[in-house]
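Atoms within each ligand, like the ligands themselves, are counted from 1 in listed order. All values below were derived from every heavy atom in this structure, side-chain atoms included, with hydrogens, water molecules and symmetry-related copies excluded.
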Amino acid sequence: MITDKKGLYLSGINKTYGQVEAVKDVTLEIKSGEFFTLLGPSGCGKTTLLRMIAGLELQDSGSVILEDQDITRLPAIKRQINTVFQSYALFPHLNIFENIAFGLRSRKIPEKEIKTRVQKSLDMLELGSMPKRYPHQLSGGQNQRVALARALVNEPKVLLLDEPMSALDAKLRAQVQVELRRLQQKLGQTFILVTHDQDEALVVSDRIAVMKDGEIIQFGTPEEVYDFPKNKFVAEFLGAANLLAGRFHDGVFHTDIGPLDLDVPPPWEHGVIAIRPEWINVLDTKPDKNGIRAKVSEIIYRGTNRDLWFEPGPIRVRSSTYKHFKIGDELWLELAPKELVVLNE
Ligand code: ATP
């Protein structure tokens with residue numbers, strides 16, 4: 001059922017290339033004004049799905065509805081959907097102004113309006129001082145902004161972003177992610193991003209769809225998918241997770257490291273639970289519930305935190321750097337019942 005008539009609705013989308021089922025029966029609703037991310041490992045089908053939304057690829061079956069209109073058979077140029085590609089695809093022989101104006105010129109928009117619209121998007125992306133420069137005279141981050149300005153100047157209903165930050169170094173990428181999020185909130189426009197970078201997805205998105213082998217495994221807000229991963233794949237793909245296998249009987253989950261109380265009884269007898277490394281407390285004394293006596297076996301310093309590995313397990317704990325431990329320390333780990341996530345698969 002479509003709840004937002006101004007949104008984008010994908011229904012039963014399938015695409016195969018020879019033997020490869022690139023996208024399998026994807027049904028999704030992306031609300032108008034939402035920052036939506038397709039997240040998944042290489043080859044999971046996210047780019048193929050994005051290209052079908054853009055009209056650059058035709059699906060084998062299924063439909064694409066934008067603002068209550070079936071655009072399944074509409075060519076890319078008529079869709080009011082623009083894409084920013086990983087490579088930026090700027091014209092090297094055109095200056096920044098002309099790169100941004102290109103789409104408007106080809107649509108025969110009057111010169112005066114082109115000037116106003118290009119200037120507006122240059123200002124919006126803080127490129128106002130460089131319209132006469134050429135792409136090779138700009139930094140990676142600036143070229144990325146030009147690519148965004150060039151897409152936004154067309155005032156698309158939906159902006160697609162195909163790994164647009166992957167060419168940037170880690171520090172700049174983190175900065176551009178925040179800028180992109182702010183820009184999208186300011187514009188209130190629908191953005192759909194494709195990425196394999198889980199941190200990026202968590203930073204920018206209103207909602208994330210986690211993909212694997214052509215299917216959407218789980219979707220929800222960043223908090224929902226991070227805090228309540230549905231299965232092992234999502235738990236491990238989004239951040240680090242300790243996975244504990246065991247048997248649930250007599251109201252207790254029995255694992256190799258000891259018995260654990262759960263807040264929510266699992267729907268299975270044999271299964272796996274997850275706990276994030278930063279949700280485990282390290283204590284000197286035994287906690288009331290779910291205390292595991294453990295010994296530090298490895299310490300990895302990460303600047304903002306330390307990763308401690310404990311035996312039995314191994315269990316990973318993410319700890320503040322102001323707390324000091326050494327290998328061989330014997331301590332109590334508290335795996336509080338409210339932090340234990342029951343996985344379905
Ligand atoms: P990446 O992050 O590496 O770009 P992706 O998740 O975007 O990966 P897709 O590019 O959508 O994945 O590819 C999904 C699957 O479809 C892969 O197995 C890929 O090899 C295959 N595929 C994609 N395009 C084609 C094509 N034109 N011809 C044949 N196979 C293709």
Query raised in the report: Does the pair Leu38 and Leu28 meet the rule for a side-chain contact (heavy atoms from CB on, under 4.5 Å), with working shown?
Result: CA-CA 11 Å; Leu38 297 167; Leu28 255 189; 4.2 Å; yes

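- The backbone N or O of Phe102 lies less than 3.5 Å from no partner atom in the side chain of Arg150, so there is not a single donor-acceptor pair.
- Comparing heavy-atom distances from atom 9 (P) of ligand 1 across Asp213, Leu50, Thr48 singles out Thr48 as nearest.
- Atoms of ligand 1 lying under 4.0 Å from any heavy atom of Pro41, numbered from 1 in the order shown and given with element: 6 (O).
- Taking the ring centroids of Phe253 and Trp268, they lie under the 6.0 Å cut-off.
- In this structure, atom 31 (C) of ligand 1 has a protein heavy-atom contact shorter than 4.0 Å.
- Side-chain contact check for Asp60 and Thr16: at least one donor-acceptor pair (N or O, by modelled atom type) lies under 3.5 Å.
- Given atom 2 (O) of ligand 1, the protein heavy atom at minimum distance is Lys46 NZ, 2.7 Å.
- At a distance under 4.0 Å, no protein heavy atom can be found next to atom 20 (O) of ligand 1.
- Protein heavy atom at the shortest distance from atom 7 (O) of ligand 1 is Thr47 OG1, 2.5 Å.
- Protein heavy atom in closest approach to atom 28 (N) of ligand 1: Tyr17 CD2, 3.5 Å.
- No side-chain donor-acceptor contact under 3.5 Å links Arg51 to the backbone of Lys46.
- Considering only non-hydrogen atoms, atom 17 (C) of ligand 1 lies nearest to Gly43 out of Gly43, Gly45, Gly18, Ala22.
- Here is the list of ligand 1 atoms found below 4.0 Å of a heavy atom in Glu163: 2 (O).
- The shortest heavy-atom contact between Glu34 and Arg207 is OE2-NE, 2.6 Å.
- Of the protein's heavy atoms, Ser42 OG, 2.6 Å lies nearest to atom 3 (O) of ligand 1.
- Counting the atoms of ligand 1 from 1 in the order shown, those under 4.0 Å from a heavy atom of Cys44 are 5 (P), 6 (O), 12 (O).
- Looking only at protein heavy atoms, the nearest one to atom 18 (O) of ligand 1 is Val20 CG1, 3.5 Å.
- Nearest heavy atom pair, residue Thr27 against residue Gly12, reads OG1-N, 2.9 Å.
- Distance alone, capped at 3.5 Å, is enough to place a donor-acceptor pair between the Gln218 side chain and the Phe228 backbone.
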